[in-house]
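So the structure is just underneath, and the comments pick up after that.
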Amino acid sequence: MNRRTSAARLLLAAGAGVLLAGWAAGRLPRPDAPPADPARVFEQRILPIFKSPDPSSCVQCHLAGVDLKHYIRPSHEETFRSLRDQGLLDLDRPAKSKILTLIQMGADDKAGAELIPAKARKAEYEAFAAWIAASAADPKLRAAPKLPAADLAGPKRPVEVVRHARTDRLLASFEQTVWAMRFRCMGCHTEGTPENKKLVDEHGERVAWMKATPAATLAYLRASNLIDPDEPEKSLLLKKPLNAVKHGGGQKFLTGDQGYKAYRAFLEDYAKVVKDQYPDAKSLPKPDAGPLRFGTDIWVKLTDTPPAWADKYVRVDVYAWDAAKKAWEAEPVATTDRRVWGGGKLWQHNLTLQAPRGSDRAKAWQAGPPALPKGRYLLKVYVDRADRLAADWTATLGEADAAGSVEVESAWPSGYGRMTAADARRVTK
Ligand code: HEC
Ligand code: HEC
C-alpha cells in the first residue's frame with residue numbers, strides 16, 4: 001500500500017467517524033437508520049446540560065427552586081423512569097412531552113430573550129427531543145418498573161417556593177412596593193422627562209433608572225449596581241434616598257417610612273429569592289393581605305404645624321365619607337407620610353391610594369388613573385414623637401401616636417401646585 005492510499009483511507013475513516021458521531025447525536029438524518037441508542041444520546045447530549053455550570057432556559061422565569069438539571073439523574077434509565085412516572089413524557093407522541101413544553105416556555109418572550117439565548121434553549125430542546133424519541137422507541141425502557149418515589153428527580157424546592165421565585169411574582173411584588181412609591185422619585189428619575197433630561201446632562205444616563213413601565217424598571221435595576229443581593233439593606237436604591245450616601249435629590253426617605261418600608265421589603269425578598277435562601281414554604285414572607293397600593297401625584301398638606309411636631313415623622317391616613325352608612329369608611333382610602341418641615345411649620349406629600357384586592361375601587365384604579373371623587377374626607381394624623389421608626393424600621397404608628405383628625409372637603413386634583421390643604425391647628429381628638 002503506498003502512502004497516498006493509506007492517507008486517503010485515514011481521511012475516509014475520519015470522515016466516517018464524524019458522520020457516525022453526527023448520526024449518533026441525532027443531528028443528521030440517516031436513511032433506514034436503526035433507532036438511536038437512548039443511552040448514547042443521553043450521554044452525549046443530556047449529560048453535558050446536567051454538568052454545565054450555565055443556567056438552563058428555566059431561569060428566564062424561575063429565579064430559584066427549579067431548573068432543568070433537577071430533572072436529570074446520572075443514568076439515562078433512571079432519568080427516563082423519573083420523567084415518565086411524573087407524567088412529563090408522552091411515550092406515544094414524544095414531541096408532545098410536557099418536559100419539552102417547559103423548555104419551550106418563554107421562547108417567544110422578547111424581554112426574556114436577552115437572558116436566555118435562543119441557541120441555548122434550542123440545544124436543550126433538541127437534546128431532550130432526540131433522547132425522548134429514542135427512549136420511547138425502546139420497548140424495554142418503556143416497560144421498565146416504576147422508580148421508587150424517593151428517587152424521582154424534580155424541583156429542588158417545594159412548589160410554594162417555586163411559585164414565589166417566579167419572575168412574574170417578583171414583578172407583582174415590585175409593582176406593590178418600589179413602583180407604588182414612584183411618585184416620590186419619578187419627577188427626577190423617569191427617563192425622558194424634561195427634568196430628567198436636565199439631570200442626565202449633569203450626572204449621566206444613570207439618573208434615568210426609572211423607565212416607562214414597572215417591568216422595564218425592574219429589568220434595569222436587576223442588571224444595575226443599585227441592588228446589593230449580599231447586603232440588601234446597603235443597596236444604593238435605599239441608601240441614596242436616605243441620603244446615607246450623598247444624594248443629588250436630597251433626603252427622600254426616613255428610616256421606617258412608607259417608601260423605605262416598601263423598598264426594603266422588596267430588596268430583602270429579592271435578595272433571598274436570587275440567592276435561593278427560601279428552603280421551605282414557612283420561610284417565605286407572609287403573603288401581602290393588605291390593600292393594593294396606587295401611587296399618585298395628588299398632594300395633601302398641613303399648614304401651621306405645632307412646635308411639638310417640628311421635624312418629626314408624620315403619617316396622614318385619609319378616610320372617605322360613606323353617605324349610605326352616614327359614617328367614615330372603616331379603612332383609609334389613601335395614606336402618606338414624611339418629616340414635618342419644622343422651620344416652615346409645614347408638612348406635605350403625595351398620596352398613595354389604597355383599595356382591597358378585587359374590590360370595585362381597585363378594579364377602577366387598575367383600569368384608569370387612580371383618583372378620589374369630590375367629597376368629604378377625614379385626615380387622621382399620627383406623629384412619631386419618640387422617633388420610634390428610626391430605631392426600628394418595621395415599627396408602625398398606632399392609636400397611641402394619634403394626634404387627632406381634621407375634616408376636609410376636596411376634589412383631590414393632581415399636581416404639586418394644586419394641593420388639598422388643612423390647617424394643622426384644627427387637628428383635634
Ligand atoms: C416564560 C416563563 C417560564 C419559563 C421559561 C419556564 N416556566 Fe415554569 N412556569 C411558568 C409559570 C408562569 C408557571 C405557573 C403557571 C402554570 O402552572 O402554568 C410555571 C410553572 C412551573 C412548574 C409548576 C409549579 C407549580 O406552580 O405547580 C414547574 C415544575 C415548572 N414551571 C418548571 C419549569 C422548568 C423545569 C422550566 C425550564 C425547562 C420552566 N418551568 C420554564 C413560567 C415559566
Ligand atoms: C429632586 C430630584 C430627585 C428626586 C426627587 C430623587 N432623586 Fe435620586 N438622584 C437625583 C440626582 C440628581 C442623582 C444623581 C446624583 C447622585 O448620584 O446622587 C440621583 C441619584 C440617585 C440614585 C443613584 C443612581 C445611580 O445609578 O448612580 C439612586 C439609586 C436614586 N437617586 C434613588 C432615588 C429614589 C429611590 C428616589 C425617590 C424616593 C429619588 N432618588 C428621588 C435626584 C433626585
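Both ligands and their constituent atoms are indexed starting at 1 by order of listing. A quick note: this is a predicted structure, and the numbers were derived from the prediction, not measured.
Counting only N and O atoms by type, the side chains of Gln258 and Arg293 include no donor and acceptor under 3.5 Å apart. Neither side chain, Asp138 nor Ser135, offers a donor N or O lying under 3.5 Å from an acceptor on the other. Of the N and O atoms on the side chains of Asp228 and Ser235, not one donor lies less than 3.5 Å from an acceptor on the other residue. The closest side-chain donor-acceptor pair between Tyr263 and Asp257, if any, does not fall under 3.5 angstrom. For the residue pair Tyr416/Gln348, the side-chain donor-acceptor check at 3.5 Å is satisfied.
Residue contacts with ligand 2: Cys185 is placed with no nitrogen or oxygen under 3.5 Å of a nitrogen or oxygen of the ligand (distance criterion only). Backbone and side-chain nitrogen or oxygen atoms of Arg206 are examined, and one is located within less than 3.5 angstrom of a nitrogen or oxygen of ligand 2. The distance criterion of under 3.5 Å between nitrogen or oxygen atoms is met by His189 with respect to ligand 2. By the 3.5 Å distance cut-off applied to N or O atoms, Lys240 is counted among the residues near ligand 2.
Under a 4.0 Å criterion applied to the non-hydrogen atoms of Tyr71, ligand 1 contributes the atoms 29 (C), 35 (C). Counting atoms of ligand 2 from 1 in the listed order, those under 4.0 Å from a heavy atom of Tyr263 are 35 (C). With ligand atoms numbered from 1 in the order given, ligand 1 contributes 24 (C), 25 (C), 26 (O), 27 (O) to contacts under 4.0 Å with heavy atoms of Val159. Listed by number with element, the atoms of ligand 1 under 4.0 Å from a non-hydrogen atom of Cys61 are 1 (C), 2 (C), 3 (C), 4 (C), 5 (C), 42 (C), 43 (C). Interface of Cys58 with ligand 1, defined as ligand atoms under 4.0 Å from a residue heavy atom, comprises 34 (C), 35 (C), 36 (C), 37 (C), 38 (C), 39 (C), 41 (C). Taking every non-hydrogen atom of Arg163 and a distance limit under 4.0 Å, the qualifying atoms of ligand 1 come out as 25 (C), 26 (O), 27 (O). Interface atoms of ligand 2 facing Lys246, defined by a heavy-atom separation under 4.0 Å, are 18 (O). Numbered from 1 in the order shown, with element, the atoms of ligand 1 that lie under 4.0 Å from a heavy atom of Gly106 read 1 (C). Close contacts between ligand 2 and Leu226 involve ligand atoms 24 (C), 25 (C), 26 (O), 29 (C) [criterion: under 4.0 Å to a heavy atom].
Here His62 has side-chain heavy atoms under 4.0 Å from ligand 1, and that is the only part of it that gets that close. With a heavy-atom cut-off of 4.0 Å, Met105 touches ligand 1 through backbone and side chain alike. Proximity of Glu124 to ligand 1, defined as any heavy-atom pair under 4.0 Å, is not found for any part of the residue.
Checked against the 6.0 Å centroid threshold, Trp209 and Tyr220 do not count as a close aromatic pair.
Paired with Asp304 under the rule salt bridge (Lys or Arg N to Asp or Glu O under 4.0 Å), one option of Arg425, Arg426, Lys345 passes, and it is Arg425.
Of all protein heavy atoms, the one closest to atom 29 (C) of ligand 2 is Leu236 O, 3.7 Å. Distance from atom 43 (C) of ligand 2 to its nearest protein heavy atom, with residue and atom name: Gly249 CA, 3.3 Å. For atom 2 (C) of ligand 2, the nearest protein heavy atom (residue, atom name, distance) is Cys188 SG, 1.8 Å. Residue, atom and distance of the protein heavy atom nearest to atom 15 (C) of ligand 2 are His203 ND1, 3.6 Å. Among protein heavy atoms, the minimum distance from atom 32 (C) of ligand 2 is reached at Trp209 CZ2, 3.6 Å. Considering only non-hydrogen protein atoms, atom 11 (C) of ligand 2 sits nearest to Gly248 CA, 3.7 Å.
The pair Lys380-Glu399 meets the salt-bridge criterion, since a charged nitrogen lies less than 4.0 angstrom from a carboxylate oxygen. Arg184 and Asp337 are joined by a salt bridge, as a carboxylate oxygen and a charged side-chain nitrogen come within less than 4.0 angstrom of each other. Under the 4.0 Å criterion applied to side-chain N and carboxylate O atoms, Asp230 and Lys275 are assigned as salt-bridge partners. Note on Asp276 versus Arg157: salt bridge recorded, some NZ/NE/NH1/NH2 to OD/OE distance being below 4.0 Å. Look at Glu202 and Lys198 and you find no salt bridge, because none of the NZ, NE, NH1 or NH2 atoms lies under 4.0 Å from a carboxylate O.
Looking only at distances, no side-chain donor or acceptor of Asp151 sits under 3.5 Å from a matching main-chain atom of Glu78.
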With side-chain contact (heavy atoms from CB on, under 4.5 Å) as the test, would you mind laying out the steps for Arg264 and Glu268 before giving the verdict?
CA-CA 6 Å; Arg264 177 96 187 242; Glu268 301 236 347; 2.6 Å; yes
Verify side-chain contact (heavy atoms from CB on, under 4.5 Å) between Arg222 and Tyr270, making sure each step is shown before the conclusion.
CA-CA 10 Å; Arg222 283 184 59 195; Tyr270 174 77; 3.4 Å; yes
Working for salt bridge (Lys or Arg N to Asp or Glu O under 4.0 Å), residues Asp92 and Arg142
CA-CA 10 Å; Asp92 298 323; Arg142 290 176 70 123; 2.9 Å; yes
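Under the 4.0 Å distance rule, the nearest protein heavy atom to atom 26 (O) of ligand 1 falls inside the cut-off. Within the 4.0 Å cut-off (strictly below), a protein heavy atom is located near atom 4 (C) of ligand 1. Using a 4.0 Å threshold on non-hydrogen atoms, atom 40 (N) of ligand 1 counts as touching the protein. Within a 4.0 Å radius of atom 13 (C) of ligand 1, the protein has at least one heavy atom.
Remark: Glu331 CD is loosely packed, at most 12 non-hydrogen atoms of other residues, nucleotides or ligands lying under 6.0 Å away.
Judged by the shortest distance from any of its heavy atoms, Arg121 lies inside the 4.0 Å radius around the atoms of ligand 1. Within the structure, ligand 2 lacks Arg182 among the residues with a heavy atom less than 4.0 angstrom away.
Within the 2.8 Å limit, His247 places at least one N, O or S atom next to atom 8 (Fe) of ligand 2.
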